[in-house]
Amino acid sequence: MQDTRSGAGVGAGKGSCGSLMEIGFVVLSHNQPQQVARLVRTLSRLYDAPPIACHHDTSQSPIDPGLFPSNARFVAPTIRTGWGKWSIVEAGLAGLRLLYDKADPDWFFLLSGADYPIAPASRVRTELAQATVQALIDYRHPGSDAATAAAQFGPRNPSLGHFEAPGNREMLRARYKGAQAWFPGLRRTPVGGLRLGRYTLHLPFENPFHPFDADFPCFCGDQWFAGSRESARALLNPTPRELRLRRYLSTRAVPDECYYQTVLCNRPELTAGRDSRRYTRWNGGGAHPAQLTLADLDPAFASGAWFARKFAPDDPALDRVDEVLGAPVA
C-alpha cells in the first residue's frame with residue numbers, strides 16, 4: 001500500500017471511459033425511515049439518479065421501499081444489526097454487493113441514514129477525477145499518536161482527531177489486539193426489557209492468536225468511507241487471510257472501525273488517502289458524534305468535506321443545505 005492523499009484538481013469529473021463519472025451509494029440505517037428517504041431523494045437529485053443500495057434493518061423499524069425512487073434498491077432479507085457488532089460490517093458488505101451486482105459505479109460512498117451531502121456533486125466528481133488513490137478512508141495503527149500517524153500515512157480528516165487522543169489510543173489497541181475475557185450478563189434492550197449479553201474484561205497483554213503481523217498489520221479508524229471500483233472488488237473478494245480477519249473480528253467490539261481499514265490498507269494493488277471528506281463534530285469523547293445544527297453549517301461548508309453527519313430528522317439545517325446546494329425537498 002502506498003500512503004498518499006487524493007488530489008483536488010480541476011478535471012472534468014470523467015469516468016474511466018470518458019463518460020461522466022458514476023458515483024454509487026451504500027446507505028446503512030435502522031430507524032427514522034423518513035430521514036433515510038429524504039437522504040436518498042436528495043442524493044438522487046444531486047447525482048442524477050445514481051445507483052443506491054440500502055440496508056435498512058427492518059427488525060428495528062419498518063420501511064416502505066415504494067416511497068423511494070426507482071434507482072434505490074434494498075437488501076433483502078435484511079441482517080439484524082447492533083451497534084459495535086460484526087453485523088454492521090455484514091450489512092455494509094451486503095449493500096456493497098447489491099450495488100455492484102446491479103451497477104458498476106466508478107466510486108461508492110458508505111453513508112449512514114443520518115448523513116447528508118454538503119458539497120455539489122460536480123465538485124465531488126471533479127476532485128475524485130483527480131484522485132491518486134483508490135480509497136478515501138480514515139486509518140492509523142491502533143495506539144498511534146497524531147504525529148506518528150501523520151508521519152507514516154500523511155494528513156488525516158481534521159474532524160477525526162479523537163481517534164488519536166491518549167485514552168482512545170489505548171482503547172483501540174486493547175479492542176483489536178489485546179487479550180479479552182468474557183462474562184455473561186443481563187443488558188437492557190431499547191424498549192426497556194432485558195436480554196442476555198456479555199461483559200468484556202480487557203487483559204493487560206496481547207492476544208497471541210490475533211491475525212496481524214508485519215506483513216498484515218492492523219489498521220483502524222472511522223467507519224464511513226469512499227472507495228473506487230477496485231476497492232469494492234477487494235472487499236467483495238476476500239483472500240483467505242481476510243476471511244480469517246472476519247472470523248477474528250466477529251468476536252471483537254466495533255469491528256466496523258477495523259475491517260475496512262485493514263483490508264484496504266493491506267492490498268498491494270490499492271492506495272488509500274486518510275482524508276475521508278466527512279465533517280463531524282465530536283465533543284471530546286463518547287461513542288457518537290454530536291448532532292449538527294444550523295450553527296455548524298458554516299464550518300462544515302468551509303471544511304471542504306463532501307458529506308456531514310449526523311443530523312436529526314427534519315432539522316432546519318437540512319433545509320439550509322438544500323438551499324445552498326440547489327436541491328429543494330421534493
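The figures that follow rest on heavy atoms only: side chains count, while hydrogens, waters and symmetry mates do not.
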Gap separating the OH atom of Tyr47 from the CE atom of Met21, nearest 0.5 angstrom: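 Between Tyr47 OH and Met21 CE, I get 11.0 Å after rounding to 0.5 Å.
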
As an exercise, state the distance from CG of Leu43 to CZ of Arg38, rounded to the nearest 0.5 Å.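 Answer rounded to 0.5 Å: 12.0 Å.
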
Min side-chain heavy-atom separation [X]-[Y] under 4.5 Å:
| X | Y | value |
| --- | --- | --- |
| Thr78 | His56 | no |
| Arg125 | Ile23 | yes |
| Leu270 | Val133 | no |
| Leu249 | Tyr259 | yes |
| Val26 | His55 | no |
| Pro51 | Asn71 | no |
| Cys218 | Cys258 | yes |

Starting from [Y], can I reach [X] by hopping between I/L/V/M/F/W/Y residues whose side chains sit under 4.5 Å apart?
| X | Y | value |
| --- | --- | --- |
| Leu318 | Leu292 | yes |
| Val75 | Leu93 | no |
| Leu98 | Val89 | no |
| Leu110 | Leu160 | yes |
| Trp83 | Ile79 | no |

Would you call [X] and [Y] a salt bridge, using N to O less than 4.0 angstrom?
| X | Y | result |
| --- | --- | --- |
| Arg246 | Glu242 | no |
| Arg309 | Asp222 | no |
| Asp275 | Arg277 | yes |
| Asp138 | Arg140 | yes |
| Asp213 | Arg241 | yes |
| Lys85 | Glu90 | no |

Mind checking whether His210 and Phe212 have parallel, tilted or perpendicular rings, split at 30° and 60°?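 Answer is tilted, since the angle falls between 30° and 60°.
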
Phe74 ring center near Phe68 ring center (under 6.0 Å):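 Centroid separation for Phe74 and Phe68: below 6.0 Å.
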
Please find out if less than 6.0 Å separates the ring center of His141 from that of Phe219.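 Aromatic pair counts; centres sit under 6.0 Å.
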
Go through the steps to decide whether Glu164 and Arg274 satisfy the test salt bridge (Lys or Arg N to Asp or Glu O under 4.0 Å), and finish with yes or no. CA-CA 13 Å; Glu164 290 153 357; Arg274 296 179 74 208; 3.0 Å; yes

Strictly by modelled atom types, are [X] and [Y] linked by a side-chain donor-acceptor pair under 3.5 Å?
| X | Y | value |
| --- | --- | --- |
| Gln134 | Thr271 | yes |
| Thr81 | His30 | no |
| Asn157 | Ser276 | yes |

Using the ring-ring contact (aromatic ring centres under 6.0 Å, His included) rule, take Trp306 and Tyr279 through it: C-alpha gap first, then chi angles, then the decisive distance, then the call. CA-CA 8 Å; Trp306 297 336; Tyr279 181 84; over 10 Å; no

Go through the steps to decide whether Arg173 and Glu206 satisfy the test side-chain contact (heavy atoms from CB on, under 4.5 Å), and finish with yes or no. CA-CA 9 Å; Arg173 191 198 305 273; Glu206 194 167 282; 5.9 Å; no

Run the ring-ring contact (aromatic ring centres under 6.0 Å, His included) test on Phe307 and Phe109 for me, step by step, so that the C-alpha distance in whole Å, both residues' side-chain angles and the decisive distance to 0.1 Å come before the verdict. CA-CA 10 Å; Phe307 296 89; Phe109 286 86; 4.9 Å; yes

Just to verify, which of Trp224, Phe25, Phe225, Tyr260 counts as forming a ring pair (Phe, Tyr, Trp, His ring centres under 6.0 Å) with Phe108?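 The residue from Trp224, Phe25, Phe225, Tyr260 that satisfies ring pair (Phe, Tyr, Trp, His ring centres under 6.0 Å) with Phe108 turns out to be Phe225.
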
Can you check salt bridge (Lys or Arg N to Asp or Glu O under 4.0 Å) on Asp322 and Arg41, steps first, answer last? CA-CA 11 Å; Asp322 288 337; Arg41 290 194 300 267; over 6 Å; no

Full working for salt bridge (Lys or Arg N to Asp or Glu O under 4.0 Å) between Glu22 and Arg229: CA-CA 10 Å; Glu22 185 175 43; Arg229 181 186 295 112; over 6 Å; no

